[in-house]
Amino acid sequence: MGITFVVVAVLCVAGLIAVLYGLVNRRRSILLAVVALLLALTTGGGAWYAWAESQSMPWTAGYGAIVVVSLIAAIRQFIVGTGPTSRTERNGG
């Protein structure tokens with residue numbers, strides 16, 4: 001196991017944690033949205049490669065699920081927080 005594998009594995013785990021945090025975070029974070037979009041693009045490429053190279057449906061579906069969750073997290077981070085977030089702000093006070 002080389003250093004490259006360790007670095008890539010740590011980045012992947014950190015990206016997945018950021019995406020999962022982006023799903024439950026109530027505040028908008030552009031950084032989380034960008035990380036989610038980058039993870040969606042990367043895993044989208046992985047899904048395409050898994051299908052094109054070996055036509056492995058389990059790997060393609062796994063990558064596809066991560067793409068969908070990442071896109072949902074990115075969209076949620078772009079949309080959440082654009083309007084009033086508390087009852088006090090909605091009532092003007």
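When a residue number appears, it is its place in the shown sequence, counting from 1. Values below: every heavy atom of this structure, side chains too, minus hydrogens, waters and symmetry copies.
- R28 contributes no side-chain N or O that, together with a main-chain N or O of A33, makes up a donor-acceptor pair within less than 3.5 Å.
- A continuous path of Ile, Leu, Val, Met, Phe, Trp and Tyr side chains, each step under 4.5 Å between heavy atoms, connects L20 with L39, placing both in one hydrophobic cluster.
- Contact detail for A18 and V35: the closest heavy-atom pair is CB-CG1, 3.9 Å.
- V69 and I66 fall within the same hydrophobic cluster, defined by Ile, Leu, Val, Met, Phe, Trp and Tyr side-chain heavy atoms under 4.5 Å apart, directly or through other members.
- Checked against side chain to side chain contact (heavy atoms under 4.5 Å, CB included), T42 has no partners two or more places apart in sequence or in another chain.
- Taking V68 as the reference, I72 meet the side chain to side chain contact (heavy atoms under 4.5 Å, CB included) condition, with sequence neighbours excluded.
- Evaluation of the side chain to side chain contact (heavy atoms under 4.5 Å, CB included) rule for L71 yields L37, A40, V67 as partners, not counting sequence neighbours.
- To the nearest 0.5 Å, atoms CD (Q77) and CG (L31) are separated by 9.5 Å.
- Other residues, nucleotides and ligands place no more than 12 heavy atoms under 6.0 Å from the CH2 atom of W59.
- A distance of 10.0 Å separates OH of Y63 from OH of Y49, quoted to the nearest 0.5 Å.
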Would you be so kind as to tabulate the donor-acceptor pairs closer than 3.5 Å made by side chains of residues 2-11, with sequence neighbours excluded?
none

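- Using a 4.5 Å heavy-atom threshold, the side chains of T60 and W48 count as separate.
- Taking all atoms of both residues into account, the shortest heavy-atom contact from V19 to A73 is O-CB, 3.7 Å.
- Taking each heavy atom of A47 and G64 in turn, the nearest pair found is CB-N, 4.3 Å.
- Within the hydrophobic cluster formed by Ile, Leu, Val, Met, Phe, Trp and Tyr side chains joined at under 4.5 Å, directly or through other members, L41 stands alone, with no partner residue.
- Residues passing the side chain to side chain contact (heavy atoms under 4.5 Å, CB included) test with I17, sequence neighbours excluded: V13.
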